Amino acid sequence: MARRVKPTPIRVLIAKPGLDGHDRGAKVVARALRDAGMEVIYAGLRQTPEEIVRAAVEEDVDLIGLSILSGAHMALFPRILKLLKREKASSIPVFAGGIIPDEDSRRLKKLGVRAIFGPGTSLSEIVSTARSLARGTT
Amino acid sequence: MSGGVRLPPIARAIASGDRRALARVITAVENGDPSAVPVVRALYARTGRAQVVGITGPLGVGKSSLLNVLIAHLRSQGFSVGVVAVDPSSPFSGGSVLGDRIRIAREPADADVFFRSMASRGEEGGVATTTREVVRLLDAAGFDIVLVETVGSGQVDLAIREVASTSVVVVVPHLGDEVQTLKAGLFEIADVFCVNKSDLPGADIARRDLAEMVALGIRRDGWTPAIVLTSALGPSGIPELWNAVRAHEKFLDTSGQRAAANRRRLAREVVGLVRDRVGHELESRLERDPEFQHLLDRVIERRIDPQAAADRLYVARGRRARSQ
């Protein structure tokens with residue numbers, strides 16, 4: 001059957017895990033990804049790892065972006081990665097942004113977080129990294 | 001149910017409650033991926049069981065918050081619920097921010113709720129067809145109730161009417177005066193009106209304006225749209241909202257209109273599919289037809305008009321068809 005042929009938009013989940021009310025960064029990134037033609041599922045504030053993983057599965061996203069400024073990343077991120085594995089969804093790349101010390105950053109990358117953006121990262125860098133992660137070219 | 005017909009493995013997975021399989025095939029449907037076609041077709045025999053309710057209204061009237069409390073109400077009654085929430089795509093970048101999930105609070109372990117956000121992907125993106133197929137997938141996956149949330153505008157309204165047996169139109173106090181309620185479009189598709197944020201002042205005026213509009217004329221099908229006041233704070237009015245939906249569903253059954261509407265919808269679908277195929281076939285044939293190219297040249301030169309070219313091609317095609 002002839003169907004519309006179009007490049008398929010990248011679907012990305014943007015969420016803020018844990019107790020952290022600072023969502024400006026997440027919104028700025030969501031907006032930038034939207035303007036880059038992506039479909040951003042914005043899950044917003046105070047998401048538990050379980051909610052994030054469930055949203056990722058139901059929405060069948062190509063990519064998960066986590067924003068955190070609370071300092072709880074070493075507790076929450078490994079849990080999210082573990083749950084993704086349990087749901088057989090560990091093929092979905094995870095990237096993160098926020099306040100994450102270098103030492104933690106190295107450990108999180110070892111655990112499987114694919115990219116971590118600190119303060120001052122340009123939006124174009126985030127967009128191009130997100131795109132190549134989603135398309136599996138990184 | 002499927003009469004011993006063997007289902008493709010992924011269709012079987014969806015029918016047996018595999019949510020990841022369901023999510024994957026929904027993506028394939030959205031993308032127009034041909035791999036979705038055999039799955040949707042194989043599952044068709046298992047559809048027609050879910051009750052499909054549309055929830056539509058302008059941006060910011062609280063549809064998502066209302067959905068959240070409605071889902072909780074339906075879960076407390078033991079129904080499983082599938083949700084499709086459609087948000088607009090940017091006409092500029094093609095991107096979108098799908099923010100309906102943000103209002104949805106529920107038990108992460110509750111497998112009897114499935115929530116999917118969908119971007120409209122523009123008018124030409126076929127949101128009506130996509131929505132219909134996604135609703136069918138949720139139906140085949142066994143959800144008792146499927147809720148379709150859309151922003152009330154353009155083709156998406158149509159999509160709701162094509163898939164939902166009951167349409168709820170959500171408004172808020174001070175959305176506009178009584179003349180707004182007379183305008184064509186959104187208000188015409190409502191089987192149930194929901195004045196949301198009814199904790200705000202002006203809810204009674206909104207209700208009165210709607211009631212007057214409803215009383216101004218009798219609908220062709222004989223149904224008088226119900227008007228309910230709701231608030232997601234509290235919440236309040238949610239059982240009343242659902243009762244109004246059920247009353248309309250009952251009306252569809254007792255008046256015999258469900259069967260008639262269903263037949264009309266499916267007729268439109270089949271005719272549409274045939275039209276698509278004939279259209280594609282015709283396009284590819286005409287592009288190779290020297291007569292077409294010749295007539296096109298004459299149209300470009302302004303020696304004949306486009307209608308005349310179409311007449312000649314149509315007659316020539318009819319003659320060819322008869323001689324075969």
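Bear in mind that the values here come from a model prediction, so they are computed numbers and not experimental data. Every chain is numbered from 1, with letters handed out A, B, ... down the list of sequences.
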Pair up each side-chain donor or acceptor in residues 20-47 of chain A with any protein partner under 3.5 Å, not counting sequence neighbours, and list the distances.
from, atom 1, to, atom 2, distance (Å)
A/Asp20, OD1, A/His22, N, 2.9
A/Asp20, OD2, A/Lys16, NZ, 3.0
A/Asp20, OD2, A/Leu69, N, 2.7
A/Asp23, OD2, A/Lys27, NZ, 3.3
A/Arg31, NE, A/Asp35, OD2, 3.0
A/Glu39, OE1, A/Arg11, NH1, 3.2
A/Glu39, OE1, B/Arg121, NH2, 3.0
A/Glu39, OE2, B/Arg121, NE, 2.6
A/Glu39, OE2, B/Arg121, NH2, 3.4
A/Gln47, NE2, A/Ala43, O, 3.3
A/Gln47, NE2, A/Leu45, O, 3.3

- Message: Does A/Arg54 form a side chain to side chain contact (heavy atoms under 4.5 Å, CB included) with B/Phe115? I'd like the steps, not just the answer.
- Response: CA-CA 10 Å; A/Arg54 179 167 183 164; B/Phe115 191 102; over 6 Å; no

- Message: Taking CG in B/Leu266 as the centre, count heavy atoms belonging to other residues, nucleotides or ligands within less than 6.0 Å. Is the count above 12?
- Response: yes

- Message: If you compare all heavy atoms of B/Arg20 against all heavy atoms of A/Ile92, which two are closest, and at what distance to 0.1 Å?
- Response: NH1-CD1, 4.4 Å

- Does A/Lys109 NZ have over 12 foreign heavy atoms under 6.0 Å away? yes

- Side chain from CB out, backbone as N, CA, C, O: work out which of these in A/Ala15 comes under 4.5 Å of a heavy atom of chain B, or both, or neither. neither

- Query: If you tally heavy-atom pairs under 4.5 Å against chain A, which of B/Ser96, B/Ser90, B/Ser89 wins?
  - Reply: B/Ser96

- Item | Short N-O contact, A/Glu58 and B/Arg101, less than 4.0 angstrom | yes

- Closest-packed option against chain A by number of heavy-atom pairs under 4.5 Å, given B/Gly99, B/Ser117, B/Gly94: B/Ser117

- Query: Which residue, B/Asn31, B/Thr27, B/Asp33, forms the side-chain contact (heavy atoms from CB on, under 4.5 Å) with A/Thr8?
  - Reply: B/Asn31

